[in-house]
Peer 1: 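Here's a structure for you.
Quick note on labels: first sequence line is chain A, next is B, and so on, each numbered from 1.
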Amino acid sequence: MTIDESRLDSIIDEYNAEQGSLISILQDVQAEYKYLPKVALEYVAKQLDIPRVQVFGVATFFKAFSLKPKGRQQIHVCMGTACHVRGSKKVLEEFERKLGIEAGGTTKDGEYTLETVNCVGACALGPVVVNNEEYHGQMTPIKVESLLKKA
Amino acid sequence: MKLKSIEELEDLRSGIIAKKDPNKTCIAVCGGPGCLARQCLEVRDAFVNEISAKGLADRVDIRTTGCHGFCESGPIALIFPQGIFYQKLGVKDAAEIVEETIMNDRIVDRLLYIDTGTGRRVKKEEDVPFYKKQMRLILRNNSRIDPHNLEDYLAIGGYSALAKVLDGMKPSQVIDEVKKSGLRGRGGGGFPTGRKWESTRDAIGDIKYVICNADEGDPGAFMDRSILEGNPHSVLEGMIIGAYAIGSNEGYVYVRNEYPLALKNVTIAIKQAREAGLLGENILGSEFSFDVKVNRGGGAFVCGESTALMASLEGKPGEPRAKYIHTSEKGLWDRPSNLNNVETWANVPLIINKSPEWYSAIGTGSSKGTKVFSLVGKINNTGLVEVPMGISLREIIYDIGGGIPGGKAFKAVQTGGPSGGCIPESLIDMPVDYEQLTKVGSMMGSGGMIVMDEDTCMVDLARYFTNFLQEESCGKCAPCREGLLRMGEILTDITEGRGRMEDLSLIEDLSGVLKDASLCGLGTTAANPVISTMRYFRDEYVAHIRDHKCPAGVCRELIIYGIDEESCTGCGRCLKNCPSGAIEGEKKQPHVLDTAKCIKCGICYDVCKFDAVRKG
Ligand SMILES: Cc1cc2nc3c(=O)[nH]c(=O)nc-3n(C[C@H](O)[C@H](O)[C@H](O)COP(=O)(O)O)c2cc1C
Ligand code: FES
């Protein structure tokens, strides 16, 4: 794929091309493309003057980053402790069944990516599902279908 | 406006206070994580529309605030100056509150909280049982300020501790005060804060860093998020004071990636503080300069650990290193660095303002002040609670938390996150402080408090934490990388009915290795959840291994679902919702479940209104 280098430059400039800001820069790049395209990582490495292996190391170490494109709708099922004791696993399984994918996967039509997270800080409402930044509390398997319909 | 002296700060403050009418009506809508998830912003907008429609915009302020703590009752609004506590609000309630309470000074009864003990409706926040036993030194201000408004923070005395420090206190005096207060770290280990500052101050180096740990990796905890979202300036003020005491000019706030609002609010606060001359060159006209940058985490639990966090701040993968040399001597970029947790920083202005003696009068012998806990799981009143150290678990769970929902029996409470342990019912009267929690095999940790009832399987929980830690292990050291993998396999075997009695001693051996040989705190504490559940709930392990039974009915391989003919009314709910077509039956006739087709998803059990679905 081709990337818009000027857009990447403006992200990098925002952090004064500081090497210490690598993670923040990658986060902004990911926000732009919804994942980290390989060419973008190579470009960032060049501009920050750090070895590519370090950039790829960071991009693969942290859970927040993905080297694969994600679906238009991102469904995050919280698997934090508070949600776990209230049955988040059943909710996740229902999503897996309904979407026909496993956690971490994307549906063939590129519509949904299903992911697990370890706590989104809304524990009081557990089990919590976040769909494109919208929080859904007190989730149960039977609420899954209507959430998918709305989404 | 850039403030150039302490006098200018105080003038500004008096100006703000004089301008504010303490009797002016204010609707403070909670915008904390729990309420946000319940569409509180729509409720807020409804208030705004209603107020302007009634032409009251000049007479009434509407404030969107940080977390008020009582998430269970959200969306929440407080009406000042009376302090009326309205809860579980919907968009439609705004009009009634404006009409009745704001315009006619009448209470809308149906929106008040009902005290489950007395059955009476409670009008004021401080009379709600959830709040009554709390001591909200840190959290209280959340409902009194708009986190995006520096003036609000100044009006409640914000940055006066900084002014006091810059007005003639020597750095060593500041350190002495913090030492005398007895403040200990709120992020995990409970290290004395004053001593940590002193060693960073004494360390050799021109450039030193001050860092705020807002990574909050403990799944099930959201205290730090709420403080940073609701009162970011209090954290900054603590950091500026710390930097002055330590002799640092550069600071970082490391915020968890999953907390976009905390990131936004602290970024705004830093900008405001900089513009006001509270951060940057020559703070308040003094010789002291200090500035703060914000960095985002990448969703790795291990990055909450000090050396991993610093590696990540350098733009590297978050792998910890051995700490033969402390980070106070060689931390970020190999320079002396002082890392404290969000809540630790937020305590600092209080200590300076109110005196170390005042502070150390709160709490127990070795644990001073208050602690914020996130009270979640199987508990009636979920939310954030701030209590004096030394309060008993029973008071937190029953008096504040309102006990266990659905008439179920309390089983255990988990504190300290994945590094902590489970405390059983027999110890519920123990006081909560650093030493006591460690003594019973758990730890204070950052403040997650997850309550569990009879339906929680302790072996499954041990497996849950082990799997969590195994996934989060950075993989640098073998004991943690391999040990947790094996531990997870053993626990999975037990929960799936393949366990052997010898496994129990194997787990104990493995735990010893993890503790002694791991590189960082993740590995050395990783066995705590397993060891503590084995210590207090050994019979559950034995039931899984010997009898192939899961007493709590959680472990799928060990349970079978069935429908009780007598109780089944044939309503068809289970049949309709069963994803695998395992249920059959005519309307109004008892249904039958085909165990061969059953995938044990548990949906029928959850949807049945007549308790006809049984697991055994
Ligand atoms: C695996 C691991 C994860 C940690 N996560 C956090 C965290 O999320 N937040 C935090 O404040 N401290 C965390 N800590 C503790 C920090 O290493 C450090 O002790 C603490 O931030 C120091 O601040 P304090 O003295 O104010 O508590 C973690 C420690 C370990 C070993
Ligand atoms: S545990 Fe799910 S939101 Fe915290």
Peer 1: Pick one of side chain, backbone, both or neither for A:Phe61, based on which atoms fall under 4.5 Å of a heavy atom in chain B.
Peer 2: side chain
Peer 1: Could you tell me which portion of B:Leu313 (side chain, backbone, both or neither) has an atom closer than 4.5 angstrom to a non-hydrogen atom of chain A?
Peer 2: backbone
Peer 1: Please flag which part of B:Ala221 lies under 4.5 Å from any non-hydrogen atom of chain A: side chain, backbone, both or neither.
Peer 2: backbone
Peer 1: For the CG atom of B:Asn257 and the CZ atom of A:Phe65, what is their distance to the nearest 0.5 Å?
Peer 2: 7.0 Å
Peer 1: Evaluate whether atom NZ of B:Lys264 has more than 12 neighbouring non-hydrogen atoms of other residues, nucleotides or ligands under 6.0 angstrom away.
Peer 2: no
Peer 1: Atom SG in A:Cys123, atom CZ in B:Arg225: separation rounded to 0.5 Å?
Peer 2: 8.5 Å
Peer 1: Identify which part of B:Phe301 has an atom lying under 4.5 Å from any heavy atom of chain A, answering side chain, backbone, both or neither.
Peer 2: neither
Peer 1: Above 12 or not: heavy atoms from other molecules or residues under 6.0 Å from CD of A:Gln19?
Peer 2: yes
Peer 1: Ignoring hydrogens and geometry, is there a side-chain-to-backbone donor-acceptor pair from A:Gln27 to B:Gly297 under 3.5 Å?
Peer 2: yes
Peer 1: What part of B:Val554 gets closer than 4.5 Å to chain A, counting heavy atoms only: side chain, backbone, both or neither?
Peer 2: neither
Peer 1: Can you tell which of B:Val294, B:Asn295, B:Val376 has the highest number of heavy-atom pairs within less than 4.5 Å of chain A?
Peer 2: B:Val376
Peer 1: Tell me, side chain or backbone of B:Phe468 under 4.5 Å from chain A's heavy atoms, or both, or neither?
Peer 2: side chain
Peer 1: For the interface with chain A, which of B:Ala37, B:Gly602, B:Gly315 has the highest count of heavy-atom pairs at distances below 4.5 Å?
Peer 2: B:Gly315
Peer 1: Considering only heavy atoms from C-beta outward, does the side chain of A:Ile142 approach that of B:Asp606 to under 4.5 Å?
Peer 2: no
Peer 1: May I ask you to list the residues in residues 45-56 of chain A that approach chain B closer than 4.5 angstrom, counting heavy atoms only, ordered by number?
Peer 2: A:Gln54
Peer 1: Do A:Arg86 and B:Thr382 make a side-chain contact, defined as non-hydrogen atoms from C-beta onward lying under 4.5 Å apart?
Peer 2: yes
Peer 1: With a 4.5 angstrom heavy-atom cut-off, could you sort out which part of B:Ile599 is near chain A: side chain, backbone, both or neither?
Peer 2: side chain
Peer 1: Rounded to the nearest 0.5 Å, what separates atom CD1 in A:Ile23 from atom SG in B:Cys303?
Peer 2: 6.5 Å
Peer 1: Do the side chains of B:Leu461 and A:His84 get nearer than 4.5 Å, heavy atoms only?
Peer 2: yes
Peer 1: Given 3.5 Å as the limit, does a donor-acceptor pair link the side chain of B:Tyr464 with the main chain of A:Thr81, or not?
Peer 2: yes
Peer 1: Can you tell which part of B:Ser312 gets under 4.5 Å to a heavy atom of chain A, answering side chain, backbone, both or neither?
Peer 2: both
Peer 1: Test salt bridge (Lys or Arg N to Asp or Glu O under 4.0 Å) on A:Asp28 and B:Arg296; report intermediate values, then the result.
Peer 2: CA-CA 11 Å; A:Asp28 288 359; B:Arg296 273 178 287 172; 2.6 Å; yes
Peer 1: Quick one: of B:Glu72, B:Glu216, B:Met223, B:Lys293, who has the most non-hydrogen atom pairs under 4.5 Å with chain A?
Peer 2: B:Lys293
Peer 1: Hey, mind stepping through A:Met79 and B:Glu471 against side chain to side chain contact (heavy atoms under 4.5 Å, CB included) and telling me if it holds?
Peer 2: CA-CA 13 Å; A:Met79 299 304 260; B:Glu471 268 178 39; over 6 Å; no
Peer 1: Which atoms of A:Glu133 come close to chain B, meaning under 4.5 Å heavy atom to heavy atom: side chain ones, backbone ones, both, or neither?
Peer 2: neither
Peer 1: Look at B:Gly298, B:Gly299, B:Gly217 and state which one has the largest set of heavy-atom pairs under 4.5 Å with chain A.
Peer 2: B:Gly298
Peer 1: If I measure from the heavy atoms of chain A, does B:Gln414 come under 4.5 Å with its side chain, its backbone, both, or neither?
Peer 2: neither
Peer 1: Heavy-atom distance under 4.5 Å to chain B: side chain of A:Gln30, backbone, both or neither?
Peer 2: neither
Peer 1: Mind checking which of residues 88-102 of chain A sit less than 4.5 Å from chain B, heavy atom to heavy atom?
Peer 2: A:Lys89, A:Lys90, A:Glu93, A:Glu94, A:Arg97
Peer 1: Any luck finding a side-chain donor-acceptor pair between B:Glu258 and A:Asn118 under 3.5 Å?
Peer 2: no
Peer 1: So which of B:Gly34, B:Cys67, B:Pro260, B:Cys71 has the largest heavy-atom pair count under 4.5 angstrom toward chain A?
Peer 2: B:Gly34
